[in-house]
Amino acid sequence: MGPAIDCDVVVIGSGPGGATSAALLAEAGFDVIIVEEGPALTLDSCDDFSIEEIRTKYRSGGITAALGKPRIPYVEATCVGGGSEINSGLYHRAPEDVLLGWRESHQTRDLLPTDLESHHADIEHELSVSRMSAPPPRSSLLLQDGASALGWQCIEVPRWFKRDPATGVDRKQSMSETFIPRALRAGARLVPNTRAVQILRQRGRWAVRATRPGSDGRQVEHKLSASCVFVCGGAIQSAALLARSGLSRMAGRSLQLHATAKITALFATEVNDRNSGVPVHQVKEFSPAIALGGSISQPPHLHLALLDLDGGQELVANSWPRMATYYAMIREGAGTVRSVPGIRDPIVRFSVGKRGLQQLLQGMERLGECLLAAGATALFPSTSPCVAVSSLSELRQFLSTIGPSKLNAMTIHLMGTCPMGEDRERCAVDSFGRLHGHEGIYVNDASMLPTSLGVNPQGTLMAVAARNARSFISSGPDRHAR
Ligand SMILES: Cc1cc2nc3c(=O)[nH]c(=O)nc-3n(C[C@H](O)[C@H](O)[C@H](O)COP(=O)(O)OP(=O)(O)OC[C@H]3O[C@@H](n4cnc5c(N)ncnc54)[C@H](O)[C@@H]3O)c2cc1C
């Protein structure tokens with residue numbers, strides 16, 4: 001191991017939380033090093049939602065799961081830009097009821113909609129948050145058709161996409177397109193393929209022990225030394241790193257996520273093609289408890305969705321242009337992330353609870369009702385075994401037989417493992433992301449959001465991360481760094 005590399009702030013992780021933090025701190029004059037476990041790949045290095053993307057940008061090839069009943073598979077990105085490189089780009093501001101709830105439940109301070117207004121506006125400008133310039137996919141419009149036939153509230157969700165003048169195509173404004181280049185222009189150094197394994201106190205500064213593969217494939221250890229560390233590895237990894245480093249007894253005690261259950265629908269006419277993008281409509285009639293939306297429905301995704309249906313693979317092969325998958329999402333449940341000495345990956349557990357299970361089944365019923373109203377001729381719920389139903393009464397009857405072990409749930413929204421707030425019995429960090437009990441360690445990613453939001457989380461976490469970084473900057477370098 002060579003000598004430690006010095007800087008003012010080490011940012012661990014380059015997802016939406018880390019990239020936002022690094023850009024703002026570097027622009028304010030801090031000497032910043034971003035350590036990222038994954039590789040630096042451009043947005044164009046593979047097709048969106050392809051097998052190649054799963055292979056190169058997902059942690060463990062996407063095979064990660066929270067233990068519980070039902071077991072909940074989850075997805076984390078591992079690449080420069082984190083989840084923003086692989087996600088759908090659907091943007092929501094922080095819901096007001098959630099912010100007010102945090103003030104009561106976790107004693108958050110100065111975190112109401114008015115406190116986030118300017119930060120949301122900046123993020124929306126930087127990421128070009130807007131409605132799609134092209135018509136939404138047919139499968140998305142069908143959700144809207146079903147909702148309007150039933151008199152339910154449905155919205156088109158804006159996305160972080162910008163029209164590329166050279167190609168005329170909308171391009172995702174991920175972190176590798178926006179905040180990472182901004183951080184680098186301001187002098188930040190980016191170290192990809194490098195994993196922070198421990199944070200420790202040494203001679204009045206913070207040391208980050210990190211490993212990266214050497215030329216012979218073996219892990220080589222590096223050390224970084226800084227006055228401050230921003231931990232932004234995402235909800236699972238940030239909690240695991242803090243626990244592994246012995247820095248917080250609260251980190252990992254309170255995993256939150258949005259559990260989703262899906263239904264694939266067959267229609268009489270074509271609703272899908274090879275260029276069908278991300279569905280942008282969401283049914284809000286039952287929000288905040290339950291939200292309904294559309295999933296990516298390319299043939300490989302449909303094949304996976306019907307894995308447990310007898311004859312499902314042939315059906316997809318022959319009929320995929322008439323098929324699409326939709327989800328019901330809830331915000332109930334709680335879990336934990338535990339680090340075990342000597343084992344690389346943490347043990348993740350989650351229970352949706354009795355009420356959560358009821359909401360998931362109720363959400364599937366509402367989703368089925370909406371899809372039948374939109375003209376679906378058959379529905380295939382994400383259960384094991386999977387069956388075909390073609391009426392609401394059949395769906396109700398089938399769902400009444402489904403217990404937790406038969407439900408195939410999943411999630412792509414993880415948060416809450418290092419909740420922020422002034423209540424030290426519940427919170428790992430204070431209302432501005434500073435680790436309770438330690439000077440100079442901050443958490444500034446989805447981990448800090450105290451509870452599930454009920455809406456796609458990246459907009460909220462980026463606005464809060466920008467607010468926390470600006471608070472850090474304005475409270476003065478004398479207090480925090482150098
Ligand atoms: C398929 C998919 C679709 C989604 N769609 C949407 C959507 O439409 N809208 C929305 O709002 N949200 C969406 N999300 C969720 C959104 O992407 C996440 O909420 C967001 O990326 C979380 O940001 P983060 O900064 O907390 O962590 P992450 O994005 O997870 O980034 C963390 C980064 O830190 C790195 N890292 C972790 N540990 C270490 C370590 N020890 N050392 C060095 N580096 C480390 C990781 O490699 C990763 O790159 C989606 C997620 C997925 C997976």
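Whatever order the structure lists them in is the order used to number ligands and atoms, beginning at 1.
Sequence neighbours left out, the pairs with a member in residues 76-89 that pass salt bridge (charged side-chain N to carboxylate O under 4.0 Å, His left out) are Arg59-Glu76.
In this pair, Phe230 and Tyr442 present their aromatic rings parallel. The plane angle is below 30°, not in the 30 to 60° band.
A search for ring-ring contact (aromatic ring centres under 6.0 Å, His included) contacts involving Phe286 returns Trp152, not counting sequence neighbours. Listed by chain and residue number, nothing satisfies the side-chain hydrogen bond (donor to acceptor under 3.5 Å, both in side chains) test with Trp320 (two or more places apart in sequence, or in another chain).
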Present, as a list of atom pairs with distances to 0.1 Å, all nitrogen or oxygen contacts under 3.5 Å between ligand 1 and the protein.
{"unit_1": "ligand 1", "atom_1": "5 (N)", "unit_2": "Ser88", "atom_2": "N", "d": "3.3"}
{"unit_1": "ligand 1", "atom_1": "8 (O)", "unit_2": "Gly89", "atom_2": "N", "d": "3.2"}
{"unit_1": "ligand 1", "atom_1": "8 (O)", "unit_2": "Leu90", "atom_2": "N", "d": "2.9"}
{"unit_1": "ligand 1", "atom_1": "9 (N)", "unit_2": "Leu90", "atom_2": "O", "d": "2.8"}
{"unit_1": "ligand 1", "atom_1": "11 (O)", "unit_2": "Leu90", "atom_2": "O", "d": "3.3"}
{"unit_1": "ligand 1", "atom_1": "11 (O)", "unit_2": "Pro457", "atom_2": "N", "d": "3.3"}
{"unit_1": "ligand 1", "atom_1": "11 (O)", "unit_2": "Gln458", "atom_2": "N", "d": "2.7"}
{"unit_1": "ligand 1", "atom_1": "17 (O)", "unit_2": "Asn87", "atom_2": "ND2", "d": "2.9"}
{"unit_1": "ligand 1", "atom_1": "25 (O)", "unit_2": "Pro16", "atom_2": "N", "d": "3.4"}
{"unit_1": "ligand 1", "atom_1": "25 (O)", "unit_2": "Gly17", "atom_2": "N", "d": "2.9"}
{"unit_1": "ligand 1", "atom_1": "26 (O)", "unit_2": "Ala446", "atom_2": "N", "d": "2.9"}
{"unit_1": "ligand 1", "atom_1": "29 (O)", "unit_2": "Gly83", "atom_2": "N", "d": "2.8"}
{"unit_1": "ligand 1", "atom_1": "41 (N)", "unit_2": "Ala196", "atom_2": "O", "d": "2.9"}
{"unit_1": "ligand 1", "atom_1": "42 (N)", "unit_2": "Ala196", "atom_2": "N", "d": "2.9"}
{"unit_1": "ligand 1", "atom_1": "44 (N)", "unit_2": "Glu37", "atom_2": "N", "d": "3.0"}
{"unit_1": "ligand 1", "atom_1": "47 (O)", "unit_2": "Glu36", "atom_2": "OE2", "d": "2.6"}
{"unit_1": "ligand 1", "atom_1": "49 (O)", "unit_2": "Glu36", "atom_2": "OE1", "d": "2.9"}
{"unit_1": "ligand 1", "atom_1": "49 (O)", "unit_2": "Glu36", "atom_2": "OE2", "d": "3.1"}
{"unit_1": "ligand 1", "atom_1": "49 (O)", "unit_2": "Cys79", "atom_2": "O", "d": "3.0"}

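Between Glu177 and Lys172, none of the side-chain N atoms (NZ, or NE/NH1/NH2) sits under 4.0 Å from a carboxylate O, so this pair counts as no salt bridge.
Atom-to-atom distance recorded for Met175:CE and Ser14:OG is 10.0 Å, nearest 0.5 angstrom.
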